Structure formats: structure tokens, C-alpha cells
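Encoded as C-alpha cells, the structure appears first; notes follow it.
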There are 2 protein chains.
Amino acid sequence: MALGRPRAFDTEEALGKALVVFQRKGYEGSSIAELTEAMGINPPSLYAAFGSKEELFRKALARYVGIRKDFSRDALDAPTAREVVERLLRGTADQLTDPQSPPGCLLVQGALSCGDAAEPIKKELCLRRVAEEVALRHRLERAIEEGDLPKTTDVAGLARYIATVSQGMAVQAAGTATRADLHAVVDAVMRGWPG
Amino acid sequence: MALGRPRAFDTEEALGKALVVFQRKGYEGSSIAELTEAMGINPPSLYAAFGSKEELFRKALARYVGIRKDFSRDALDAPTAREVVERLLRGTADQLTDPQSPPGCLLVQGALSCGDAAEPIKKELCLRRVAEEVALRHRLERAIEEGDLPKTTDVAGLARYIATVSQGMAVQAAGTATRADLHAVVDAVMRGWPG
DNA sequence: TGACTTTTTTATTGATCGATAAATAATGTT
DNA sequence: AACATTATTTATCGATCAATAAAAAAGTCA
């Protein structure tokens with residue numbers, strides 16, 4: 001066994017509690033006091049286990065992204081571009097309004113605009129959002145190769161369009177929109193697909 | 001003339017400077033120190049003229065909403081629902097990427113998620129976003145009455161869909177999207193309209 | 001000129017921010 | 001049992017937050 005006094009809390013469980021706080025309050029809006037209270041530990045335990053507030057957020061973000069990737073992979077595996085998009089949007093609508101966690105998306109609400117201190121986090125979140133858009137674009141390019149979409153399709157624009165709807169739904173969920181509201185949005189998107 | 005020492009700065013001009021800071025940093029991310037520096041005044045002058053940070057933000061918000069309403073009225077006056085939507089989205093794309101002001105939308109970036117202290121501002125911004133969606137919905141209802149849209153159209157869902165795209169574009173603009181990128185998104189929306 | 005009013009500058013206020021120092025407690029090792 | 005190591009609790013650090021107290025400055029009016 002490891003030397004010294006054993007840790008009295010489960011780091012993975014504490015990380016999960018921190019993630020919930022970050023989802024609800026964002027990076028800047030979450031104070032160490034609130035995080036430690038939710039995690040059931042004192043500040044020195046937080047810093048010993050996670051390094052800093054920023055490192056804690058990055059670890060919470062990694063977990064969040066992992067969850068999203070699990071469902072995103074399934075969606076991208078769908079046989080047609082249309083089905084890929086619908087699965088992505090329906091899954092996002094469900095996740096954004098999951099009653100088990102605060103409404104909205106950490107990639108959007110985590111730090112959309114912020115003070116100078118949170119700038120690195122803001123950029124990190126922006127990169128993650130772009131990464132999701134790029135993943136979809138690659139899938140749409142494959143669809144063109146497979147003859148599923150016309151060769152003349154503007155895949156970059158189309159991928160950005162879907163990413164935009166996804167991020168807009170995050171804003172909606174952060175407000176007053178319900179799960180049914182978001183699925184009505186997806187209905188509107190699918191009626192027009194692909195134009 | 002008014003009694004006492006005259007004010008050495010123009011309140012409207014100072015409010016404009018404050019608005020720019022709030023657009024770039026959001027409500028929580030904007031400190032009094034940064035605001036006063038941008039406004040060219042000292043804290044006591046800010047509090048004497050505007051009351052508090054929250055009141056200052058609300059006044060800046062009122063101006064921002066006023067600007068948006070000017071262009072929104074023009075868009076809603078378009079003869080067809082299709083043209084209304086395209087004007088709204090094109091105008092939003094342009095405004096979000098106006099080189100004269102920070103990219104993005106104050107209604108989205110001002111306080112999407114925040115600490116307890118900013119909660120009233122978050123709710124106010126949410127109400128303003130809903131108000132824009134409602135205005136569009138009423139216009140789409142008129143379009144049904146005029147036979148411009150089928151009677152079976154889900155106007156609430158359609159209005160929310162357009163609001164979602166608009167808000168998603170705000171997130172895109174806050175990231176790396178250019179004006180051309182956003183117009184490509186609008187292209188995708190219009191290709192599918194109305195489904 | 002001097003009283004009156006309001007804004008200015010200067011210097012702080014108490015509260016809260018993220019982060020830690022110091023002392024105590026709990027384990028494994030010798 | 002005594003030591004080494006790590007985590008805990010308690011108390012607090014300096015910095016920054018929004019907001020002000022106090023005094024000097026700039027104007028009107030008698």
C-alpha cells in the first residue's frame with residue numbers, strides 16, 4: 001500500500017461533484033468555497049489532489065468530453081449523413097436537458113466570456129467546440145465519398161450549421177427551454193435537411 | 001445651469017465604453033477597475049452617475065437592445081416569412097462580427113452561467129432572448145393569417161429554431177467563426193426553409 | 001467675496017477571491 | 001515503539017472584488 005495517511009475521499013467522486021458545480025455556475029462563477037463544500041473536502045485537500053482551480057476544471061472537462069464522445073461516436077457511426085445529424089441533435093437535446101445534471105453544455109457555458117484570468121479556459125473550450133464540428137465535417141466528407149451527399153455540398157458550412165444549432169440549443173437549455181422544445185427545434189432542422 | 005460642479009465626462013459616451021467592456025468580458029468578467037479605466041473616470045464618478053455595477057450593466061443592456069430592435073423592426077417588416085428570417089439571420093451575422101465591437105452577443109455572452117451575485121442579470125438576459133423569439137413567433141403567426149405559411153406550421157417550434165440558430169451563431173462568433181462562416185450557416189438554414 | 005451644491009480625486013473599506021502555512025492525525029515501515 | 005510519509009483540519013495569506021468616506025475642486029447664486 002502507498003505510504004502515509006490514506007486519502008479520506010474518492011477523487012473520482014469528488015471530481016464528479018466539481019463537474020456539477022462547474023456546469024451550473026461556469027468556471028468563473030464557481031468559487032473554491034462552493035467547490036470544496038460540494039466535494040465534501042477542505043481547500044488543502046483540493047489543491048493536493050487536483051493542483052489548482054484551473055487544473056480541477058480541466059480534469060472535470062476531460063470527463064465531460066469523454067461522456068460526450070461516447071454518444072458522439074455512436075451517432076457518427078450511423079449509416080447516412082441524415083441519420084448521423086439527427087442522432088447527434090437528438091442526443092444533444094437529451095443531454096442538455098438531462099434532469100440528473102444542470103441544464104446546458106459545459107463547452108458553451110463554462111467560460112463563453114470572462115475576465116483575463118479565465119482566458120486560457122475560454123480558449124480551451126473554444127477548441128473543444130471546434131473539435132466536435134471538425135469530427136462532423138469529416139463524417140460528412142465521408143458521406144460525399146460514399147455518394148450519400150452530392151459532391152457539390154458545402155460540408156464545412158453544413159457541419160458549422162449543425163454545430164451552430166447544437167450550441168444554440170445549449171443556450172436555449174441554459175434558459176427556459178424544455179426537452180420537448182429542443183426536439184421541436186430538431187424537427188425543424190430535419191424537415192429542411194439537407195436543403 | 002445646474003447647481004454644483006459640472007460633470008467632467010459625457011455619461012452617454014462613458015456608457016458606450018462600458019458596453020464595449022461588458023461585451024468583451026461579460027458581466028462577471030468585467031471589474032469596476034477595468035470599467036472605470038475604459039470610461040476614463042474614477043469609481044466614485046461611476047457610482048454617482050450609474051448607481052452600481054448592476055445598474056450600469058442594465059443601462060448598457062438597454063442601449064444594446066435598442067440597437068438590436070432598430071434592425072429587428074426592419075427585418076420583421078419584410079413582406080414574407082422567408083424574407084423576415086433571412087434578414088434577421090443575415091443582420092445578426094453581420095452584427096455579431098461587426099469589427100467595431102467585440103464579437104458575439106451581449107444577450108448570450110453577458111451572463112450565460114455565473115455565480116449567485118449575477119443571477120438577476122442572467123435571468124434578465126434570458127428574458128430578453130425569449131422576447132426576441134416571441135417577436136418572431138408573432139410575425140410568423142401573422143404569416144399564417146396572410147396565407148404566407150401553411151396553417152399547420154408549428155410557429156412556436158419554427159421561431160425557436162431560428163432563435164436557436166441566432167444564439168448558436170453568437171457562440172460561434174465568440175469563438176473563431178468569421179462573418180463569412182456565419183453567412184454560410186445562414187445559407188444552410190435558407191436552403192432548408194421552411195422544411 | 002463668500003455660502004451652497006455637486007463632482008472630482010485620493011485613499012480606503014469590509015468581503016471574498018484563489019491558494020497555503022502550520023499543526024495534527026493516520027497510515028506503513030523499521 | 002519510534003520514524004517517515006502523506007492527508008487532514010484550522011487558520012490565514014496577499015490580491016482583488018464592489019463600493020465609499022473624506023477632502024479638495026469647480027461651478028452657481030446671493
Side-chain angles (χ1 to χ4, degrees), chain A residues 1-15 17-18 21-22 24-61 110-111 113-122 124, chain B residues 1-15 17-18 21-22 24-61 110-111 113-122 124:
Chain A
M1 179 155 183
L3 257 63
R5 177 171 177 172
R7 198 168 263 143
F9 66 97
D10 183 85
T11 55
E12 292 305 313
E13 191 177 335
L15 186 60
K17 301 285 190 182
V21 174
F22 282 132
R24 190 171 56 237
K25 302 287 187 79
Y27 177 70
E28 271 190 332
S30 302
S31 68
I32 296 292
E34 186 171 6
L35 287 165
T36 53
E37 188 186 344
M39 299 163 86
I41 60 178
N42 299 112
S45 296
L46 186 157
Y47 284 90
F50 301 102
S52 68
K53 182 184 175 183
E54 179 170 338
E55 288 181 66
L56 173 64
F57 182 86
R58 289 183 188 277
K59 279 159 186 159
L61 174 62
S113 59
C114 55
D116 298 329
E119 197 70 22
I121 295 296
K122 175 184 163 184
E124 171 77 34
Chain B
M1 184 160 180
L3 254 63
R5 179 171 176 171
R7 198 166 262 143
F9 66 98
D10 185 86
T11 54
E12 291 305 313
E13 191 178 334
L15 185 60
K17 301 286 190 182
V21 174
F22 282 132
R24 190 170 56 237
K25 302 287 187 77
Y27 177 70
E28 270 188 333
S30 302
S31 68
I32 296 292
E34 186 171 6
L35 288 165
T36 52
E37 187 186 345
M39 299 164 86
I41 59 177
N42 295 19
S45 296
L46 187 157
Y47 284 91
F50 300 102
S52 68
K53 182 185 176 184
E54 179 169 337
E55 288 182 65
L56 174 63
F57 182 87
R58 289 183 187 276
K59 280 159 186 160
L61 174 62
S113 60
C114 55
D116 298 330
E119 197 71 23
I121 295 296
K122 175 185 164 185
E124 171 77 35

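Throughout, a chain's letter reflects where its sequence line sits, starting with A, and its residues are numbered from 1. Remember, it's a predicted structure, so these values are computed and weren't measured experimentally.
What separates CG of L35(B) from P of dT16(D) is a distance of 17 Å, to the nearest Å. Atom C1' of nucleotide dA25(D) and atom CZ of R5(B) are separated by 4 Å, given to the nearest angstrom. In this entry the distance linking CZ of R7(A) with P of dT9(D) reads 13 Å, nearest Å. To the nearest angstrom, C1' of dT28(D) lies 5 Å from CG of L3(B). Atom CE in M39(B) sits about 14 Å away from atom P in dT7(C), given to the nearest Å. In this structure, I41(B) places its CD1 atom 15 Å from P of dT10(C), rounding to the nearest Å.
Nucleic acid contact for F50(A): none, since no nucleic acid atom lies under 4.0 Å from a heavy atom of the residue. Using a 4.0 Å heavy-atom cutoff across all strands shown, A8(B) reaches sugar-phosphate atoms only and no base atom.
Put simply, the side chain of L56(B) reaches to within 4.5 Å of the side chain of L15(B), judged on heavy atoms. Using a 4.5 Å heavy-atom cutoff, the side chains of K53(B) and L46(B) are not in contact. The shortest distance between side-chain heavy atoms of E37(A) and V21(A) does not fall below 4.5 Å. Using a 4.5 Å cut-off on side-chain heavy atoms (C-beta onward), F22(B) and K17(B) make no contact.
In terms of phosphate contacts, N42(A) brings a side-chain nitrogen or oxygen within less than 4.0 Å of OP1 or OP2 of dT9(D). The side chain of S45(B) places no N or O atom within less than 4.0 Å of a non-bridging phosphate oxygen (OP1 or OP2) of dT7(C).
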side-chain contact (heavy atoms from CB on, under 4.5 Å) between K122(A) and C114(A), worked out: CA-CA 7 Å; K122(A) 175 184 163 184; C114(A) 55; 3.8 Å; yes

Could you write nucleotides 16-22 of chain C as a row of B, S and -, 5' to 3', where a protein heavy atom under 4.0 Å of any base atom gives B, of only sugar-phosphate atoms gives S, and otherwise -? -SSBBB-

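Note on ring orientation: taking the six-membered ring where Trp is involved, the planes of F50(A) and F9(A) are tilted (angle from 30° to 60°).
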